[in-house]
Amino acid sequence: MCGIVAYVGKRKASNILIKGLKRLEYRGYDSAGIALINNDINVYKCQGRVSDLESILTEEDIHGFVGMGHTRWATHGEPTDINAHPHESMNGDFIIIHNGIIENYSKLKIGLENEGYSFKSETDTEVLANLIEYVFLSHINDDIPFSAEEAVRQALLMVEGAYGLVVIAKSEKDKLIAARKGSPLVIGIGKEEYFIASDATPIIEYTNSVIYLNDGDIAIITKNSLNLTNLKNVSQKPDIKTIDLKLDEIEKGGFEHYMLKEIYEQPKAIKDTCRGRLSFEAKALKLGGLHDVFEELKSAKRILIIACGTSWHAGLVGEYLLEEFTRIPTEVEYASEFRYRNPVINKGDIVIAISQSGETADTLAAIQLAKSAGALVLGVCNVVGSSIPRETVAGVYTHAGPEIGVASTKAFTAQVTVLTMMAMAIGYANKGLTKKEYEDLIDELYLIPEKIEKILEKADFVEKIADLIKDANNALYLGRGYLFPVALEGALKLKEISYIHAEGYPAAEMKHGPIALIDDKMPVIVLATKDHSYDKIVSNIQEVKARKGLIIAVVTEGDTTIKNMADYVIEVPHSDFALAPLLTVIPLQLLSYYTAVKRGCNVDQPRNLAKSVTVE
Ligand code: M6R
């Protein structure tokens with residue numbers, strides 16, 4: 001949440017900052033601002049989008065080769081011009097951009113007020129700006145000169161909470177001071193120039209050489225130098241990585257929205273996720289990232305999956321897959337609940353953390369808790385080099401490519417693909433699956449991208465169905481077994497981008513309450529592909545029909561029984577029922593996309609949301 005970008009070097013900073021903020025806008029988009037260093041420090045900021053910020057800049061404003069920018073997702077204080085970042089300290093000695101939350105900000109604020117400080121904004125960030133300045137000014141008469149970076153370091157020692165931040169001091173305007181604890185920061189290394197950003201997307205246009213800051217790192221950067229230390233001022237060795245991210249991967253590529261592009265990218269994302277791991281010819285499956293922990297996985301007594309949002313839904317599919325293929329008891333937990341509810345974690349437990357961004361604050365905290373209790377923690381993440389893969393001992397990357405639309409689509413199917421492969425590999429190794437079952441699943445998984453292509457060809461038909469639900473106030477999604485998590489995911493997709501209230505339920509639970517909601521205005525989306533509970537779901541459809549609900553059913557190709565009952569059916573190709581989530585979720589993603597577009601909603605940046613939830 002919140003995007004940060006900063007630059008020092010030989011190019012005009014304003015161009016890099018504005019372009020960078022546009023790339024980071026998916027992290028927060030309620031206000032934006034930049035500070036440009038020329039002879040003075042000039043700050044421009046406003047409520048609204050980066051394009052609004054751009055419109056208040058004039059040619060005279062945009063000079064300077066040093067600067068920083070921020071796009072905000074409000075935590076403390078409403079989205080207003082004043083609360084937008086950057087924030088200046090009271091006497092103008094320091095300027096700061098910040099992602100995260102300073103938890104003890106009220107206490108610090110009272111202390112500063114007692115020292116004569118006043119505040120313009122409601123933010124925790126301004127408190128930090130003033131704290132740094134206060135520390136700096138307290139040492140102004142020291143015999144040994146006291147540097148701006150030392151003021152930052154000492155102030156940060158007083159801070160509780162999370163931060164990824166960049167500071168510029170009026171006294172050292174050619175220098176960026178960056179620090180990280182809990183909120184991601186990456187430094188791009190160019191020739192006589194450096195970039196800092198919340199993720200690599202603003203940087204890749206200029207360099208693929210990067211350093212991911214670790215918690216507690218402080219980087220002091222000028223055009224020609226980078227000095228990495230920690231909070232105790234101990235020098236740290238920079239770990240320079242080469243990133244493999246192409247510019248076209250983060251552009252819309254002719255699609256109207258990132259979300260639509262990402263829906264269409266799913267066949268490729270699944271192929272990329274299976275590449276080098278699944279061999280159709282050799283009927284083999286190898287997950288290199290789990291090699292060192294595979295024996296422990298095979299003999300695990302219990303598996304715990306922790307995640308949030310869509311990743312949690314993928315985790316629920318994972319629970320069903322792991323229990324079915326491996327017979328290892330598996331539980332899936334919301335990371336936010338797990339971390340605060342004193343869960344039982346046994347020494348031999350294996351914990352799998354799932355996250356697209358690899359930065360979700362609750363998931364990271366749950367990982368820490370599981371680690372401290374002695375569990376082996378593995379990661380399933382999409383963003384290479386993000387915090388979760390670095391916090392976990394082993395894991396499997398999804399290779400979905402950058403997901404920019406706030407509504408997660410291709411990350412979900414890539415996560416389910418990884419969890420399917422994990423369950424298959426463990427199941428075959430611990431004899432939960434026979435050779436025949438294992439090989440059949442390999443064949444089935446191999447065919448999934450092709451089957452998704454076929455579903456995507458029906459997008460026009462799904463768009464027509466969206467016309468029927470675009471004016472609804474509520475929608476119900478029903479599924480059983482593997483399709484229950486898909487029902488939850490379908491409902492989440494609809495509510496987050498179209499703002500229609502939607503609920504996902506196990507179909508049989510309908511009779512225990514939600515059936516009371518059904519009338520002729522209630523669209524009921526039923527996931528009803530052929531599996532062992534098909535007859536049961538057919539009965540559920542009858543029950544909805546008897547109450548005049550509008551039935552939209554996702555069925556297996558050629559199904560005539562449900563076609564005769566439902567108002568609309570969307571056909572998907574036949575597959576093993578354990579793999580059906582990978583197919584049935586596609587029409588639901590399209591349905592929510594088209595519904596949101598028809599309602600005039602901002603699909604890629606829905607209100608109040610941010611892509612990467614780096615605050616709890
Ligand atoms: O990056 P993560 O997978 O950890 O994110 C978890 C959720 O915030 C995320 O899936 C969220 O629910 C999406 N907006 C859903 O589309």
Side-chain angles (χ1 to χ4, degrees), residues 1-3 26-29 73 182-184 198-199 257-260 262-263 266 269 305-318 332-339 351-367 377 379-392 395-398 400-416 418-419 477 485-486 488-499 502 504 585-586 588-593 596 601-616:
M1 284 173 155
C2 298
Y26 71 92
R27 300 178 69 91
Y29 32 83
W73 186 88
S183 304
S198 298
D199 68 33
H257 297 100
Y258 281 111
M259 181 180 176
L260 192 61
E262 288 157 9
I263 290 173
Q266 289 178 103
I305 296 175
I306 47 175
C308 303
T310 288
S311 297
W312 188 91
H313 297 154
L316 192 55
V317 180
V332 57
E333 294 248 17
Y334 289 108
S336 54
E337 287 297 309
F338 182 82
R339 64 180 288 200
V351 173
I352 304 174
I354 307 174
S355 173
Q356 187 286 129
S357 62
E359 300 293 350
T360 301
D362 281 320
T363 311
L364 269 163
I367 290 172
V377 188
V380 174
C381 290
N382 194 42
V383 178
V384 177
S386 57
S387 300
I388 292 177
R390 289 187 295 136
E391 283 295 326
T392 46
V396 185
Y397 274 117
T398 49
E403 190 181 68
I404 312 247
V406 165
S408 191
T409 52
K410 62 177 180 170
F412 174 79
T413 44
Q415 288 164 344
V416 172
V418 163
L419 293 163
Y477 286 72
V486 179
L488 293 176
E489 176 59 8
L492 175 63
K493 283 297 83 96
L494 188 71
K495 65 186 138 193
E496 75 178 318
I497 60 166
S498 73
Y499 320 140
V585 76
I586 310 293
L588 305 194
Q589 295 168 345
L590 288 168
L591 190 63
S592 44
Y593 170 77
C601 299
N602 185 338
V603 173
D604 284 332
Q605 293 167 347
R607 68 183 179 207
N608 305 337
L609 285 169
K611 181 74 181 159
S612 180
V613 184
T614 54
V615 295
E616 63 171 289

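The model shown is predicted, which means the values in this text are computed figures rather than measured ones. FYI, side chains are in, hydrogens and waters are out, and symmetry mates aren't considered; it's all heavy atoms of this structure. In listed order, ligands and their atoms are each counted from 1.
Looking at ligand 1, you'll find an N or O of V406 within less than 3.5 Å of one of its N or O atoms. For a threshold of 3.5 Å applied to N or O pairs, the pair formed by S357 and ligand 1 contains at least one separation below that value. Inclusion of Q415 in the set of residues having an N or O under 3.5 Å from an N or O of ligand 1 is not warranted.
In this structure, OH on Y477 lies 4.0 Å from CG on L494, to the nearest 0.5 angstrom. For the atom pair C381 SG and Y397 OH, the distance stands at 7.0 Å (nearest 0.5 Å). Within the model, atoms CD of Q415 and CG of L419 stand 7.5 Å from one another, a figure rounded to the nearest 0.5 Å. Rounding to the nearest 0.5 Å gives a distance of 15.5 Å between CD of E262 and CZ of F412.
If you check the side chains of E359 and S387, you find a donor sitting under 3.5 Å from an acceptor. S408 and E403 are linked by a side-chain donor-acceptor pair at a separation below 3.5 angstrom, with hydrogens and angles left out of the test. Defined by atom type and a distance below 3.5 Å, a donor-acceptor pair is missing between the side-chain atoms of Q589 and T409. A donor atom on one side chain and an acceptor atom on the other are not found under 3.5 Å apart for Q356 and S311.
Atoms of ligand 1 found under 4.0 Å from any heavy atom of A407 (numbered from 1 in listed order, with element): 16 (O). Residue C308 has at least one heavy-atom neighbour below 4.0 Å for each of these atoms of ligand 1: 6 (C), 7 (C), 10 (O). Numbered from 1 in the order shown, with element, the atoms of ligand 1 that lie under 4.0 Å from a heavy atom of S311 read 2 (P), 3 (O), 10 (O). Taking a cut-off of under 4.0 Å to the non-hydrogen atoms of G309, the atoms of ligand 1 that pass are 10 (O), 12 (O). Listed by number with element, the atoms of ligand 1 under 4.0 Å from a non-hydrogen atom of S355 are 1 (O), 2 (P), 3 (O), 4 (O). Those atoms of ligand 1 with a heavy atom of K493 less than 4.0 angstrom away are 15 (C), 16 (O).
Aromatic ring pairs are classed by plane angle as parallel below 30°, tilted from 30° to 60° and perpendicular above 60°; the pair H257 and Y593 is perpendicular.
Here T310 has heavy atoms under 4.0 Å from ligand 1 in both its backbone and its side chain. The side chain of E496, and not its backbone, has at least one atom closer than 4.0 Å to an atom of ligand 1 (non-hydrogen atoms only; side chain from C-beta on).
Scanning the protein for heavy atoms near atom 8 (O) of ligand 1, the closest one is V613 CG2, 3.8 Å. From the protein, the heavy atom lying nearest to atom 4 (O) of ligand 1 is T360 OG1, 2.4 Å.
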